[in-house]
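Only a predicted model underlies this, so the values are computations on that prediction, with no experimental measurement involved. The analysis underlying the following values was restricted to heavy atoms, covering all of them including side chains, and did not include hydrogens, waters or symmetry mates.
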Amino acid sequence: MCGRYTLFAPAADLEARFGADFGGVDPSYNCAPGQSLPVITDEAPDRATRMEWGLTPSWADESFGLINARAETVREKRSFADAFERRRCLVPADGFYEWVDEGGAEKTPYRVAFGDDRPFAMAGLYERWEPPEPETTQTGLGAFGGGGDAEPESDDGPVETFTVVTTEPNEVVADLHHRMAVILEPDEEETWLRGDPDAAADLLDPYPATDMTAHPVSTRVNSPAVDAPELIEPVG
């Protein structure tokens, strides 16, 4: 799976890499589910849009928070099928974390990245979910001789969410986990965003391991509240 990642490349580097305006994005060494993070959508490929990591389908009655979608079933699962057909996105990153049970008191986190820490795009899907209006049982003020019914609660509009598509691991990730995020080649990104579904489905394979590295990092990364450059440094 992909449950944490990093995105600390300078905004200028991200803009040059993706041809999109990132609006002065702050570096993050511990991107976690539930956070508002930049993605590039098929609707607005020239700018990064912040969405919450953890997809909720548009038809849901409550928040789902689905952080990953399996490549093998993404076109079949009701939670993802419509988004795969119509709402694909790029999830910029420059590394991701996996946890390995090495017999200690807690699992060892590893950071996986390219040797030069260059940014890349993970394949993502996004949705807009309209939370159901809360039921109200408050009695109107008119019943007490006041001036009319109570005001309804305000509507903050749709919630935009995304998920990361995962596939079988390459040789580097296979030692750490049985799944990995789908990483797109730069020349595949346009097809993922705007290509037909069959062409997009052909991209859901493991990224070659040739230029990728993995090293253990501090268990401080276990807490989503911790976000510091030291998290990516090798330990042990």
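With hydrophobic clusters built from ILVMFWY side chains whose heavy atoms lie under 4.5 angstrom apart, Leu66 shares a cluster with Leu125. Both Met180 and Val100 belong to a single network of hydrophobic side chains, linked directly or stepwise wherever heavy atoms of I, L, V, M, F, W or Y lie under 4.5 Å apart. Following chains of ILVMFWY side-chain contacts shorter than 4.5 Å, one cannot reach Val165 starting from Phe162, and the two form parts of different hydrophobic clusters. Under a hydrophobic clustering in which Ile, Leu, Val, Met, Phe, Trp and Tyr are joined whenever their side-chain heavy atoms come within less than 4.5 Å, directly or via other members, Leu90 and Val182 fall into the same cluster. Linking ILVMFWY residues whenever their side-chain heavy atoms come closer than 4.5 Å, directly or via other members, leaves Leu7 and Tyr110 in distinct clusters.
Glu85 contributes atom CD, which lies 9.5 Å from atom CG of Asp196 (distance to the nearest 0.5 angstrom). Between the CG atom in Asp116 and the OG1 atom in Thr213 there is a gap of 9.0 Å [rounded to 0.5 Å]. Here Asp42 contributes atom CG and Glu190 contributes atom CD; the two are 10.0 Å apart, rounded to the nearest 0.5 Å. Taking CG of Leu231 as the start and OG1 of Thr6 as the end, the distance is 10.0 Å to the nearest 0.5 Å.
In this structure, the side chain of Asp94 engages the main chain of Ala9 through a donor-acceptor pair within 3.5 Å. Thr56 places no side-chain N or O within 3.5 Å of a backbone atom of Trp129 that could act as its donor or acceptor partner. Side chain of Asp46 to main chain of Ala20: no donor-acceptor pair is present (N/O by atom type, distance under 3.5 Å, no hydrogens or angles). At distances below 3.5 Å, at least one donor-acceptor pair connects side-chain atoms of Thr163 with backbone N or O atoms of Asn68. In this structure, the side chain of Arg4 does not engage the main chain of Tyr29 through any donor-acceptor pair within 3.5 Å.
A salt bridge links Asp211 with Arg118: the closest approach of a Lys/Arg side-chain nitrogen to an acidic carboxylate oxygen falls below 4.0 angstrom. Classification of Arg86 and Asp82 as a salt-bridged pair holds, one side-chain N sitting under 4.0 Å from a carboxylate O. Comment: Arg220 does not engage Asp227 in a salt bridge, judged by the lack of any side-chain N to carboxylate O separation of less than 4.0 angstrom. Checked for salt-bridge contact, Arg111 and Glu233 miss the test: no charged N lies under 4.0 Å from a carboxylate O.
Side-chain contact between Ser36 and Glu52 is absent, with no heavy-atom pair separated by less than 4.5 Å. Looking at Ser79 and Pro57, their side chains come closer than 4.5 Å, going by heavy atoms from C-beta outward. Using a 4.5 Å cut-off on side-chain heavy atoms (C-beta onward), Thr219 and Pro109 make contact. Two residues are said to be in side-chain contact when any heavy atoms from C-beta on lie closer than 4.5 Å; Val112 and Leu176 meet this criterion. Put simply, the side chain of Ile183 reaches to within 4.5 Å of the side chain of Met212, judged on heavy atoms. Residues Met51 and Thr49 are in side-chain contact: their nearest non-hydrogen atoms beyond the backbone lie under 4.5 Å apart. Residues Met122 and Cys2 have side chains in contact (heavy-atom distance under 4.5 Å, counting atoms from C-beta outward). Side-chain atoms of Glu130 and Val159, non-hydrogen and from C-beta on, never get closer than 4.5 Å to each other.
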- Checking salt bridge (charged side-chain N to carboxylate O under 4.0 Å, His left out) for the pair Arg179/Glu168: CA distance, chi angles, key distance, verdict? CA-CA 5 Å; Arg179 305 291 296 176; Glu168 296 292 320; 3.4 Å; yes

- Task: Would you check, one step at a time, whether the test salt bridge (charged side-chain N to carboxylate O under 4.0 Å, His left out) holds for Glu72 with Lys77?
- Result: CA-CA 10 Å; Glu72 297 86 346; Lys77 295 285 189 181; over 6 Å; no

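Among pairs with a residue in residues 56-77, those fulfilling ring pair (Phe, Tyr, Trp, His ring centres under 6.0 Å) read Trp59-Phe64, at least two apart in sequence or across chains. Residue pairs meeting the ring pair (Phe, Tyr, Trp, His ring centres under 6.0 Å) criterion with at least one partner in residues 175-211, sequence neighbours excluded, are Phe84-Trp192, Phe114-Tyr207.
Checked against side-chain contact (heavy atoms from CB on, under 4.5 Å), Ala209 has the following partners two or more places apart in sequence or in another chain: Asn170, Glu171, Val172.
Side chains of Thr108 and Glu102: a donor-acceptor N/O pair is present below 3.5 angstrom, by distance only. Counted by atom type alone, Thr73 and Arg75 present zero donor-acceptor pairs between their side chains at under 3.5 Å.
Only one option out of Glu127, Glu160, Glu43 pairs with Arg87 in a salt bridge (charged side-chain N to carboxylate O under 4.0 Å, His left out); it is Glu127. Checked options Tyr97, Phe96, Trp53; the residue passing with Tyr5 is Trp53 (criterion: ring pair (Phe, Tyr, Trp, His ring centres under 6.0 Å)).
Under a cut-off of 6.0 angstrom, the local environment of CG in Asp61 is sparse, with at most 12 non-hydrogen atoms contributed by other residues, nucleotides or ligands.
The shortest heavy-atom contact between Val91 and Gly124 is CG2-CA, 4.0 Å.
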